[in-house]
Structures are given as structure tokens and as C-alpha cells.
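Worksheet for the structure shown next.
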Amino acid sequence: MGTRDEKSPRDKGRRKDVVPCHLVNDQGDDALDAEERDAFAQRLRVRDRDREHDRSRRSSLGPSSSRPEGSGSSSRTSRSIHHDSHQRQEVTSDLRERSRQEYLKKREQSRLELLEAQIADEEMLFHKSALTDTERRQLEYQKEVLRIAKERKDINVDVEGYVMPEDYLTTKGKIDRKRKEQALYQRYQEPKGSVSGSGKDEKGIGGNLSELEQWEARQIARTKVKVGPQDKGTIPDADAYDFIIDETGIDFVLESTLDPATEADREAQSLLDAAERKQKSIQAVRESLPVYDYRDALLAAIEDHPVLIIEGETGSGKTTQIPQYLYEAGYSKDGRKIGCTQPRRVAAMSVAARVAEEMRVHLGREVGYSIRFEDKTSEKTVVKYMTDGMLLREFLTEPDLDGYSCIMIDEAHERTLSTDILFALIKDITRYRPDLRVLIASATMDAQKFSSYFDDAPIFKIPGRPFPVDIYYTLAPEANYLQAAVTTVLQIHASQPTGDILVFLTGQGEIEQAQELLRQARVALGRRIKDLLVCPIYANLPSDLQAQIFNPTPENARKVVLATNIAETSITIDGIVYVIDPGFQKLKTFDPHTEMESLVVTPCSRNAANQRAGRAGRVGPGKCFRLYTLWAYENELEDHTIPEIQRSNLCMVALQLMSLGINNLVEFDYIDPPSVTTVQKAIGQLYMLGALNAKGEVTKTGRRMAELPLDPKMAKALLASAKYHCSDEIATLCALLDVQSALYYRPKAEKLNAEKAHQNLVQPGGDHFTLLHIWEQWVQLEYSESWCRENYLQRRSLLRATDIREQIVRLLERIEVPLESNPNPADTSGVAKAMLAGYFSNVAQRQRGEDSYKLAKRKETVLVHPSSSLREAKPPWVMYYELVMTSEKFVRVVMEINPEWLIEVAPHEFKPSDIVDKSKQKMPKFLKKARELI
DNA sequence: GAGCACTGC
């Protein structure tokens with residue numbers, strides 16, 4: 001498993017002096033700890049094996065459950081944990097339990113509908129005659145399960161007879177305030193299916209998907225559609241494609257009504273025909289892709305070279321076709337998989353769906369995908385798409401990737417943090433696994449760099465088929481690019497033929513400004529111009545507003561999409577003919593010296609500029625207007641955006657790598673190495689958190705922390721929560737802090753209302769407790785959409801937090817922490833101490849007579865961010881979640897603490913002399929005098 | 001009294 005033993009080939013890099021001497025302190029008996037750590041790893045192995053058995057049993061019975069939170073084993077375990085802490089549970093309100101029940105009820109409903117849809121799907125796509133005996137049996141089984149479940153459920157649907165009205169008294173005779181409030185809040189509840197009238201059946205599957213799932217479904221639909229229309233003009237038998245659409249025409253219905261006796265047969269036959277035609281058209285599309293002509297040459301090259309760089313533009317078909325070629329060539333014969341990584345979840349899902357369709361198999365069987373919160377694979381899976389982060393996680397359990405015969409790293413040019421780490425790990429593996437085939441797929445500009453990194457691996461070029469894009473530059477630099485962009489929009493609108501416009505701006509603020517400018521211009525120009533439909537798109541925009549960019553452009557109007565760089569890679573908008581590129585983007589940077597993150601507007605790279613221009617050539621020839629000069633493009637822009645690994649805090653990555661037995665992180669074989677300071681800071685932090693011992697070895701604590709998909713500070717807080725019996729609250733905080741930045745929604749136009757609503761959510765003690773309060777409301781009001789809207793909270797973020805929380809709660813068992821709620825909710829010090837156990841280095845003390853704070857460990861002055869509820873209260877000591885540099889150095893998400901807790905939770909870092917209340921010390925007279933003079 | 005681009009586990 002994760003921890004490699006002394007024989008590991010990577011141990012050659014083991015260094016003794018990774019931890020700076022001044023950090024060395026007594027962390028207990030290292031040998032004993034190492035023993036415990038290995039014992040822990042052993043237990044994980046056993047549990048993983050059990051789970052694997054469990055999974056195989058489940059998947060052989062029925063459809064694999066993508067989110068197993070309600071499945072037998074995990075809920076059983078959490079129940080027993082509840083039982084252990086029975087005493088404490090009694091004291092806490094039963095509310096949490098009730099919400100959980102309600103949640104499970106909802107979940108059950110959605111599972112049922114999913115099963116129903118799956119059955120319908122199966123019957124439609126693979127009509128009975130096309131099924132094998134086993135598959136037929138399975139289908140029957142599923143149907144039976146559905147029938148029984150429905151029957152059972154119907155018993156509860158309409159309760160007849162007398163029902164005791166609920167009161168608000170608890171078992172102890174006190175008024176349950178929360179329950180009462182819940183009754184008051186009833187109006188917030190979503191209209192149920194039955195309210196709308198004709199019953200729950202009409203809802204269909206869409207009705208029960210979460211907003212997040214719907215969004216992902218829409219995204220998938222977009223990506224899938226792309227393949228069709230784009231190729232339509234270029235392939236000879238594009239007509240075959242139209243034929244399917246005609247298939248739903250009225251002829252079919254008429255004919256079948258004429259002869260009702262054979263209706264079923266006819267239907268079966270026509271479905272079969274349709275499937276056949278579809279298969280033929282799929283084949284035609286496959287053969288029309290540029291990569292098809294290179295199939296044999298490509299396979300030969302892969303055979304000959306363990307590492308191959310594949311250079312191909314989008315639309316060449318490399319992502320969908322190459323794994324299929326490998327499968328056809330027998331790379332999965334020995335039971336090993338073909339893996340393909342993607343930087344984004346939506347891409348992994350949609351590509352897998354497409355490939356399953358092309359290979360005519362069920363998604364999740366031979367072809368599957370694996371992303372966070374969702375593993376749609378089975379033992380049968382031989383072609384597996386996944387996110388790059390997921391493969392990185394797999395390394396922890398399978399460090400030699402033994403289950404794979406071939407790995408393709410797709411979109412390598414995007415250089416995500418995970419991709420970069422994967423490069424190094426995979427390069428290492430190829431040394432002792434000569435049978436493993438590695439493919440690095442990238443856009444044109446970067447292939448050479450990858451080749452030299454992988455010991456001059458050959459480059460295989462596949463031409464793309466993008467439409468030509470004419471590029472225009474300004475003659476002189478533009479002083480105000482926002483104004484220039486707006487002017488260009490109007491210019492295009494007035495002078496160019498139809499086609500939508502895409503403008504790249506840096507953020508929400510700019511987009512809102514541009515929206516306003518365009519509105520004003522439209523008013524000023526009046527009827528002289530045709531209508532202009534302005535659509536903003538950025539990640540933090542609520543989903544329903546995001547969806548608007550996909551609405552078709554009305555006649556006599558032109559759509560203008562104002563986008564951040566979300567439109568550069570993540571979202572593809574059809575119909576874009578013109579791109580306006582001011583040449584800027586916001587980029588996150590990390591300063592290892594101050595451990596501060598900041599988001600700065602920087603000129604984008606030539607790479608990014610070309611990517612942006614390419615967005616104009618997806619449906620036909622396009623035009624790109626760059627709001628800078630050709631000279632600037634050639635001389636001022638960087639070649640590439642600085643890779644993420646050089647702009648990130650590497651604390652989490654460092655723990656992951658060290659858990660793999662890679663101890664010398666400074667000399668690790670990065671394709672672009674991060675700064676030595678960043679690596680040292682990361683290691684130093686891990687040491688302070690107790691994840692490493694004085695020898696720089698991973699401790700048992702560290703090994704447990706590495707299992708969590710959390711920042712090490714957060715992971716440590718979660719481990720510490722066991723001591724304070726509040727893992728429940730800390731798990732919630734893990735989830736909410738993760739989405740915290742996209743939680744509050746504040747559009748410019750409704751600024752005051754939004755702020756007022758956010759103010760109403762504030763709780764005493766600090767922002768963390770406000771977050772916990774938001775979570776309670778969210779669960780109590782059953783994930784209400786209207787409640788989110790009224791409180792200007794992003795439902796998408798809360799849904800994501802719900803997923804994260806579920807995952808964390810599941811992992812608690814794995815890291816051997818019992819799930820417990822704070823036994824005394826009135827006393828929040830346990831929650832605070834647990835958080836402090838991870839965030840003790842994020843502590844600041846108020847400076848006497850000032851509004852500002854001084855960091856406890858560094859002589860640095862910071863301010864509490866104005867969005868914090870403690871901005872006014874200004875307590876003497878605070879703990880913060882993050883430190884950001886914007887117009888000032890701000891600490892964000894702040895909690896009031898008692899400095900004495902520091903000595904309790906981090907005695908190795910804080911001594912009593914560190915926490916003396918300086919504001920109560922007398923100021924020497926001469927200093928006082930001096931101050932007055934200034 | 002500020003202003004959060006985008007991913008991922």
C-alpha cells in the first residue's frame with residue numbers, strides 16, 4: 001500500500017536533513033510510531049480488500065451504486081459508532097438524526113428513479129433480443145427490485161387515519177426551539193411533486209437530480225453534441241446522422257397503430273434497426289476522425305516505445321479513439337486496464353459515456369469512469385477514464401499501477417498540479433515496468449518539452465481539423481481594455497455578419513462593468529443597432545444564470561458572452577464566431593516566504609491567447625480581435641502560463657508524495673521544479689503538524705492525514721476532533737471551508753439586500769460558527785432552493801459541501817475517528833480547540849490601540865477582512881482560515897480564541913510567554929511620550 | 001469597508 005518499505009526504489013533519495021534543525025523536538029518514540037503507522041496501513045489494506053469484495057458482490061447483483069453513502073456496510077458502521085457514544089447522543093438534539101432520516105428518504109426516492117430510468121434505458125437501447133441470458137436475468141431482477149421498492153414506498157405515501165400532530169416539546173419537557181422554527185420555516189420548503197397536480201410520475205428523472213447533477217448533465221450534453229455537428233460538414237455520409245432524427249417521425253407511429261397485434265414485434269424490429277443504423281453512423285463518425293488514418297502507425301509506435309508523446313489538436317479524436325484502439329489491439333487481454341486521465345470531472349464523464357456508446361457497452365462495465373464522489377467502474381472495466389487527481393489518489397493504494405497496461409495523460413499541456421506530479425511518478429514507474437505503455441497527449445506547443453522530459457520520447461503528430469481563425473491586432477496599445485472591448489463588441493455588431501461574440505475578461509467585477517457599459521451604449525444608440533443579448537458567465541454565477549448562455553440566439557439579435565477563462569477550457573459555447581481577447585487573466589500566486597496567496601491580474605500567455613482564439617473556430621471560420629499589438633504578442637507575452645506547481649502551496653502534495661516513500665522532495669524529478677523555499681515550507685509545516693517526525697519520516701498521524709482529501713491543516717483538525725468529541729462539526733467545517741469562497745453570492749445590483757441577508761446568518765464566536773449555522777439551516781430546511789436564494793447563498797456550493805461532508809464522514813471510519821457531535825452545543829470550545837489543533841500557526845494577536853493584528857509567529861501586520869463578522873468586535877486573539885493579499889493583507893474566516901488553548905493544543909509551538917496579553921502591559925513612559933509626539 | 005480566475009481529491 002502507500003508506505004513503501006526500505007526496499008523501495010525511491011528510497012535512494014532519502015535524506016536525513018530534510019527537517020531544519022531548529023524544528024527538531026521531541027515527538028515521542030519514532031520506532032514505536034513507525035510500527036503503529038505500519039499497523040494502520042495494514043488495517044487499511046485489509047479494509048480495502050473487504051470493500052473490494054463487497055463491491056464485487058454488489059456489482060454482480062445490480063447496478064453499481066455511485067454514491068454508496070446509504071449502502072449497507074457504511075451505514076451499519078456509523079450506527080455502531082452512534083451506539084458507542086450513546087450517552088452523548090442523548091444530550092444532543094435529535095434534530096440531526098431527523099434531518100438525516102429526511103435526507104435518506106429523499107435519497108431513496110432519487111435512487112428509485114435512477115433505477116427506473118436505467119431499466120427504461122436498457123430496454124430501449126438493448127432490446128431483449130439483443131441481451132444475453134445473464135443480462136436478461138439481471139434486468140428482470142432490477143425490475144423486481146423496483147417493483148418491491150415502489151410497493152413498499154407506496155405504503156407510506158398517503159397516510160390515512162389519524163396522525164398525532166407534532167409538538168415542539170422535547171422529551172425533557174422543554175420547548176424545542178429549532179423544531180418550532182422549522183415549522184415556521186415551512187414556507188421555504190420546495191413544492192413537492194404531488195403539489196403540482198398530476199402526480200409524481202410526470203417528474204421523470206430530471207425532477208429529482210440535484211442542481212449540481214443537472215448542471216453536469218447539461219455539460220455532458222454539450223460535450224457530446226460537439227462531435228456531431230462539427231463533423232457533419234466534413235464527412236461524406238453525414239446523412240446517416242440525419243436519418244436517426246427522422247426516426248422519431250410520425251410514420252412510425254401511424255404504421256404501428258394499423259396492426260396492433262404485431263406492435264411489439266414491429267417496435268422491437270425498428271428499435272433494432274435504429275440501433276444498427278446508429279452503430280453504422282457511429283462507425284462512420286469514428287472513421288472520419290483525423291486520428292483514424294493513423295491508427296496502425298500509432299499502434300506500432302506504442303508497441304515500440306514505452307513512452308510516446310501525442311501531439312494533436314482538439315477535434316482530432318485522440319481522447320475517444322486511442323483508448324479504443326489500444327483495447328482493440330489487446331492491451332487489456334491480461335486483465336489489465338487502459339487508463340486515461342482528464343483534468344476535469346465533466347470531461348472524464350462525458351468522454352467515457354461517448355466511448356461506451358461507440359463500443360456499444362454499458363457505461364460502468366467495460367468502459368467506466370472514476371471521479372471524486374463517483375466511481376462508475378466494475379471488475380469488467382478495461383477502459384477507464386478518470387480525473388488526474390483520482391489517478392494520483394490511486395497511487396496511494398497501488399504505487400506501481402499494476403492494474404494498468406497503459407496510461408494516457410490527456411490535456412497534458414494544461415499542466416495541472418496533479419498532471420505534473422503524475423509525470424514524475426509515471427516516469428519513475430517506467431524504469432521498472434517496461435511493459436507499461438505511457439501516452440502523453442498534448443496540444444501542439446508543448447510536445448517538445450514533454451519529449452525531452454521523458455528521455456527524448458518520440459512525438460507522434462496527429463493533425464486536427466480546426467477552422468481557420470483570422471487574427472487582428474490593435475495598432476497601438478489600448479489604455480483601457482475594458483472600454484476597448486466594449487467598443488469592439490459594438491463595432492463587430494455594426495459591421496460584421498451574423499455570429500456570436502465571446503469576450504474574455506478577468507472576473508466578476510469586470511463582467512458586471514462591461515454589462516453596464518453595453519447597456520448604456522444600447523440605450524444611447526437606440527434603434528440604430530439590432531438587439532444585443534448580453535450573457536455573463538463565470539464560475540461563481542448561479543447555475544440557472546449560467547445556463548442562459550446556451551439559449552439559442554433569437555432572430556435579429558446577436559449574443560455577446562462575457563466570460564472569464566472558464567470559457568477557455570471548461571465550457572464550450574456553440575455559435576461563437578468572434579472572439580475578443582484583451583489579453584489578461586486572473587492568476588493565483590503563492591508566496592512561500594509569507595505563505596500568502598493572492599489573485600492578480602496578469603497578461604495571459606501566448607498559449608492561452610491561442611487557446612482563446614481557437615474558440616472562434618469551432619463551428620466555422622472565425623475572427624479573433626486581440627486588444628494588444630502584434631509586437632506585444634511576440635515580445636511581451638510569456639510562452640506559457642507558469643505551471644500550477646510553481647504557484648501553489650505544496651503542503652498537501654508533499655504529504656502525499658512522502659506517504660509514497662519519496663523523501664527527497666527537493667531533488668524529485670519535476671518537469672518544472674517548484675522553488676526550494678516552497679518545498680521546505682511545506683515540509684516544515686508537515687513537521688509542525690506532527691505528520692513527520694524529526695527524521696523526516698511520515699508518522700502514523702501523517703499516514704492517516706494522507707488518506708484525507710484535505711489540506712493537512714484541516715486533516716489535522718479532523719484527527720484532533722476525536723479528542724474533543726466533535727468530529728461531526730469538524731467534518732461539516734471541512735466541507736464548508738472547502739466551498740467557502742463560492743458560498744456567498746453578491747451581485748452588484750443587489751448588493752445591499754445580499755449583505756443584509758448575510759448579516760442575518762452571523763453567529764457569535766466567529767465566522768466558523770456562522771458556517772455551522774448555515775449548515776444547520778441548510779439541512780433543516782431540506783436543501784431548500786428558495787432559502788438559498790433568499791439568503792444569497794450559492795446552492796451549488798452547498799450541494800458540493802454536502803457531497804464533501806458525506807465523503808469525509810465515510811473516511812472517518814477509515815482513519816479511525818468516531819463520528820460524534822459536540823456533547824454540549826452551548827460550549828463551543830471543543831470545536832475551536834480541534835480547529836486550532838490544525839490551524840495553530842494561523843493565529844494573530846490584536847495590536848494595542850490599533851485595529852490591526854500581528855501574526856503570532858511572524859512579525860507581520862494584517863487586518864481582519866471586512867467580510868468577517870469579527871471585523872467590528874476585534875477580539876484580542878483570533879485564529880483564521882486563510883491569509884490573502886489583495887489591497888491589504890487580510891485574514892479571512894476568523895474565529896475568536898482563548899490564547900491559553902494554544903498551549904494546550906500546540907505545546908511544541910507555544911509557550912506561556914508567547915501569549916502574554918501585551919495590551920495590559922504598561923508601556924514604558926519614554927515610548928508613550930514618543931508616540932504622542934508622532 | 002473589500003471585491004474570489006479556474007480546477008481537483
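Sequence lines set the chain letters: A, B, ... in the order given, protein chains first and strands last, and positions in each chain run from 1.
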- Side chain of A/Glu644 (C-beta onward), nearest among B/dT7, B/dG1, B/dC4: B/dT7

- Using atom CE of A/Met390 as one end and atom P of B/dT7 as the other, report the distance to the nearest whole Å. 19 Å

- Grab the CD-P distance between A/Gln611 and B/dC6 for me, whole Å please. 16 Å

- Compare the minimum distances between each of B/dC4, B/dA2, B/dC9 and the side chain of A/Pro709, then state the nucleotide with the smallest one. B/dC9

- Query: When the distance from CE of A/Met652 to P of B/dG8 is rounded to whole Å, what number comes out?
  - Reply: 13 Å

- Task: Return no unless some side-chain N or O of A/Thr387 is found under 4.0 Å from OP1 or OP2 of B/dC9.
- Result: yes

- Message: Taking any heavy-atom pair under 4.0 Å as a contact, classify A/Glu888: base, sugar-phosphate, or nothing.
- Response: nothing

- Query: Expressed in angstrom and rounded to an integer, what is the separation of A/Ile804 atom CD1 from B/dC9 atom C1'?
  - Reply: 9 Å

- Task: Select one nucleotide: of B/dC6, B/dA5, B/dC9, the one nearest the side-chain heavy atoms of A/Lys588.
- Result: B/dA5

- Task: Over 60° means perpendicular and under 30° means parallel, so classify the ring planes of A/His758 and A/Tyr792, tilted if in between.
- Result: perpendicular

- Is any side-chain N or O of A/Glu568 under 3.5 Å from a base N or O of B/dA5, one able to act as donor and the other as acceptor? no

- Thinking salt bridges, do A/Lys384 and A/Glu394 make one under a 4.0 Å N-O criterion? yes

- Task: Classify the nucleic acid contact of A/Gln342 as base, sugar-phosphate or nothing, counting any heavy atom under 4.0 Å across all strands shown.
- Result: nothing

- What's the closest nucleotide to the A/Ser570 side chain, out of B/dC6, B/dA2, B/dC9? B/dC6

- Query: Which part of the nucleic acid does A/Thr416 contact within heavy-atom distance under 4.0 Å: base, sugar-phosphate only, or nothing?
  - Reply: nothing

- Message: What contact category does A/Arg344 fall into here, base, sugar-phosphate, or nothing, at under 4.0 angstrom with non-hydrogen atoms?
- Response: sugar-phosphate

- Message: Using a 4.0 Å heavy-atom cut-off, does A/Glu510 contact any base of the nucleic acid, only the sugar-phosphate backbone, or nothing at all?
- Response: nothing

- Pick base, sugar-phosphate or nothing for A/Asp738, based on heavy-atom distances below 4.0 Å to the nucleic acid. base

- Describe the nucleic acid contact of A/Ser741 in one word from base, sugar-phosphate, nothing, applying a heavy-atom distance below 4.0 Å. base

- Ignoring the backbone of A/His865, work out which of B/dA2, B/dA5, B/dC4 is nearest its side chain. B/dA2

- Partners meeting salt bridge (charged side-chain N to carboxylate O under 4.0 Å, His left out) with A/Lys874 (sequence neighbours left out): A/Asp851

- Query: Can you tell me how far P of B/dC6 sits from CG of A/Leu505, to the nearest Å?
  - Reply: 12 Å

- Message: Just to be sure I understand the rule, does A/Lys748 reach a base, reach only the sugar-phosphate, or reach nothing, if contact means heavy atoms closer than 4.0 Å?
- Response: nothing

- Item | Donor-acceptor pair under 3.5 Å, A/Glu597 side chain vs B/dC4 base | no

For a quick test of your reading: what N or O donor-acceptor pairs under 3.5 Å do the side chains of residues 595-603 of chain A make, sequence neighbours left out?
| from | atom 1 | to | atom 2 | distance (Å) |
| --- | --- | --- | --- | --- |
| A/Glu595 | OE1 | A/Gln685 | NE2 | 2.8 |
| A/Ser598 | OG | A/Thr589 | OG1 | 3.2 |
| A/Thr602 | OG1 | A/Gln585 | O | 3.4 |

- Query: Of all the choices, B/dC6, B/dG1, B/dC4, which nucleotide is nearest to the side chain of A/Arg871 once you look at every atom?
  - Reply: B/dG1

- Note on the structure: Whole-Å distance, A/Leu599 CG to B/dC6 C1', equals 9 Å

- A/Ser852 and A/Thr861 side chains, donor-acceptor separation under 3.5 Å: no

- Query: What does A/Gln794 touch in the nucleic acid at a heavy-atom separation under 4.0 angstrom: a base, only the sugar-phosphate, or nothing?
  - Reply: nothing

- Query: Whole-Å distance between B/dA2 C1' and A/Gln508 CD?
  - Reply: 13 Å

- Task: Have a look at A/Arg892 and say if it touches a base, only the backbone sugar-phosphate, or nothing, with a 4.0 Å heavy-atom cut-off.
- Result: base

- Message: Taking the minimum atom-to-atom distance to the side chain of A/Arg372, which one of B/dC6, B/dA2, B/dC9 wins?
- Response: B/dC9

- Near-ring test A/Phe450/A/Phe423, centroid separation under 6.0 angstrom: yes

- Message: Just by distance, no angles: are the side chains of A/Arg345 and A/Thr387 close enough, under 3.5 Å, to form a donor-acceptor pair?
- Response: no

- Task: Select one nucleotide: of B/dA5, B/dC9, B/dA2, the one nearest the side-chain heavy atoms of A/Lys751.
- Result: B/dA2

- Task: Determine: side-chain N/O of A/Ser418 to OP1/OP2 of B/dT7, distance under 4.0 Å, yes or no.
- Result: no

- Task: Give the nucleotide from the list B/dC6, B/dC4, B/dA2 with an atom nearest to the side chain of A/Asn565.
- Result: B/dC6

- CD of A/Gln656 versus C1' of B/dG8: gap in Å, rounded? 10 Å

